[in-house]
Enquirer: 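Sharing a structure here in structure tokens format.
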Amino acid sequence: MFSNIFLKTLRDYRVAILGWGIGMGLVIVSPMASVASLISTPAQRAALATLAAQFAWAADPVAAGTVGGYATFKIGIFIFLVCVWPLLAASRTLRGEEDRGSLDVLLSMPRTRARVALEKIAALWTALVAIGAITGVMAYLGGRAFKADFTLVDGLLFGLDLTLICMVFGGVALLISQFTHERGPAASATGFLLVVFIVIDMVHRVVPNTEWFSRLSPIYYYNLSKPLIPSFGTNFGGLSVLLALTLVLTGAGIWLFVRRDAGDVVRIPLIPVRPAQTSRALPAGDWSLRSVYARSLGMIAFPTFWWTLLIAGFAGWMVVVVQQMVSKLSDLLNSAGTASPALAILKNIGGGGTELNAIFLGAMFEILPVLLMAFAVTQVNRWASDADEGRLEIILSTPQSRARVLLGRFAALARRRRAWA
Amino acid sequence: MIPLGLLIAAIGYLAAGWLRTAADTGLLSFVLAAWFFISFVGPDLKWPDATLRLSAFYYYGTPLTHGLQLANIAIVVVAGAAALALGVLRFARKDIAT
């Protein structure tokens with residue numbers, strides 16, 4: 001697999017292909033499991049459709065009474081989490097390798113810059129196609145398990161739609177990274193644009209006669225297709241727009257890469273460029289330099305603050321949403337006249353209380369430990385990358401036991417988590 | 001939910017003794033997704049209790065409505081401590097160049 005740049009780069013993405021493909025597949029299958037219980041009678045189906053209409057700002061409630069329609073609606077804007085990986089990978093592909101210096105070695109070989117860039121980007125797009133295919137197959141298998149009416153082709157078209165929107169944001173990250181010295185600002189800017197485009201797409205569902213405004217967002221063209229709803233189908237015009245955007249953005253990014261100096265940025269006339277940041281020396285006498293534990297506390301203070309804000313905001317939003325939804329949900333869950341299986345499911349997840357408020361709030365708050373564990377994964381990633389990239393060697397050359405170094409980092413993580421609670 | 005977070009961190013530190021960053025992060029993400037699937041979709045699929053117990057969320061329970069189940073939390077803490085201890089042992093013995 002090391003015979004060329006394309007295969008080597010594709011090999012580097014093997015974990016991401018499996019992880020994101022299977023993960024997103026599970027995300028789309030999960031709501032299918034609950035809808036089978038929610039739509040067992042025509043009355044429940046009608047009540048669900050009414051409830052879904054209350055949340056039209058998040059996603060079009062099309063055929064919400066069907067398995068595919070409910071899954072598409074329920075996932076809503078959360079499906080765009082999958083765009084996080086391509087925007088990180090695309091910013092890392094060229095700019096990230098320039099940061100590390102590994103691109104210099106590659107460019108010293110008898111290959112044109114255009115070929116190097118094309119092979120790397122082709123590997124990234126191939127990985128995205130594989131992720132989309134895995135997601136589509138899993139959506140189909142989930143649909144078969146829960147008696148949905150869409151086919152394997154519909155599942156694969158869903159995966160293709162997902163792949164194309166990922167390619168668009170990857171292309172945006174690739175283009176922006178030509179104007180930044182580091183990959184971090186490019187990834188951040190693309191992440192910000194992702195959120196902005198999601199909001200722009202929402203506008204036409206909330207404000208009448210604003211579809212022209214939402215057409216400015218690539219998310220709008222993603223939402224034109226709903227392959228998991230056979231009655232709605234796939235809009236090949238929307239897919240074509242996404243493909244065209246991908247080609248334009250990627251082409252522009254590669255064109256700029258070929259023409260600029262390696263390690264430098266594309267300069268726009270009259271706009272000053274911030275110089276590349278040099279490594280920051282540790283300030284003498286800083287409180288965090290007393291021990292591995294203190295330094296670890298200092299390093300994770302900033303991420304902890306933002307994650308705390310995110311989770312606290314989510315918890316507060318959940319309390320408000322539950323209060324607004326509980327009366328509508330009560331109609332839905334009791335519409336069958338007998339004990340609702342959906343209510344039984346919610347009781348399983350949220351605790352066997354008697355008040356719907358408590359049951360539903362308990363179920364929603366089951367998400368909080370998932371967010372906390374996601375933060376833990378980011379910190380483990382930091383530790384593992386420190387070990388891989390040799391940043392532990394200096395610490396370990398000092399008279400400290402390895403156990404103390406590891407436990408110091410872990411203790412700082414535990415301390416931050418306690419501060420969260 | 002702190003013991004759950006520390007458990008996944010301890011597993012990650014343990015796996016980092018053998019795996020590179022991308023593989024370690026991928027493994028943890030897969031484990032988290034699997035636990036989530038087992039706990040939130042498993043009951044709908046009528047999976048046996050033995051399967052549901054494989055997920056850490058089983059031991060988290062429903063503290064908002066039923067309060068903290070100390071015995072289950074103790075299991076999570078012990079599992080996390082064991083993973084951390086093994087991780088420390090592995091880190092102490094491994095060659096950091098590999």
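Computed from a predicted structure; not experimentally measured. Letters A, B, ... mirror the listed sequences (proteins, then strands); counts begin at 1.
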Enquirer: Please list all pairs meeting ring-ring contact (aromatic ring centres under 6.0 Å, His included) that have one or both residues in residues 386-410 of chain A, counting only residues at least two apart or in different chains.
Expert: A/Phe410-B/Tyr13
Enquirer: Looking only at side-chain N and O atoms, does B/Ser55 offer a donor or acceptor that is under 3.5 Å from a partner on B/Ser39?
Expert: yes
Enquirer: Salt bridge or not between A/Lys8 and A/Asp12? Use side-chain N to carboxylate O under 4.0 Å.
Expert: yes
Enquirer: Is it the side chain or the backbone of A/Leu18 that comes within 4.5 Å of chain B heavy atoms, both, or neither?
Expert: neither
Enquirer: What part of B/Ala10 gets within 4.5 angstrom of chain A, counting heavy atoms only: side chain, backbone, both, or neither?
Expert: both
Enquirer: Is B/Phe91 in contact with chain A via its backbone, its side chain, both, or neither, using a 4.5 Å heavy-atom distance?
Expert: both
Enquirer: Could you tell me which residues satisfy ring-ring contact (aromatic ring centres under 6.0 Å, His included) with B/Trp18, sequence neighbours excluded, listed by chain and number?
Expert: none
Enquirer: Using a cut-off of under 4.5 Å for heavy-atom pairs, which of B/Leu84, B/Leu27, B/Leu89, B/Asp24 has the most such pairs with chain A?
Expert: B/Leu84
Enquirer: Identify which part of A/Ala403 has an atom lying under 4.5 Å from any heavy atom of chain B, answering side chain, backbone, both or neither.
Expert: both
Enquirer: Could you tell me whether A/Glu97 and A/Arg183 have a side-chain N and a carboxylate O separated by less than 4.0 Å?
Expert: no
Enquirer: With respect to chain B, which residue among A/Leu406, A/Val15, A/Ile22, A/Thr378 yields the maximal number of heavy-atom pairs within a distance under 4.5 Å?
Expert: A/Leu406
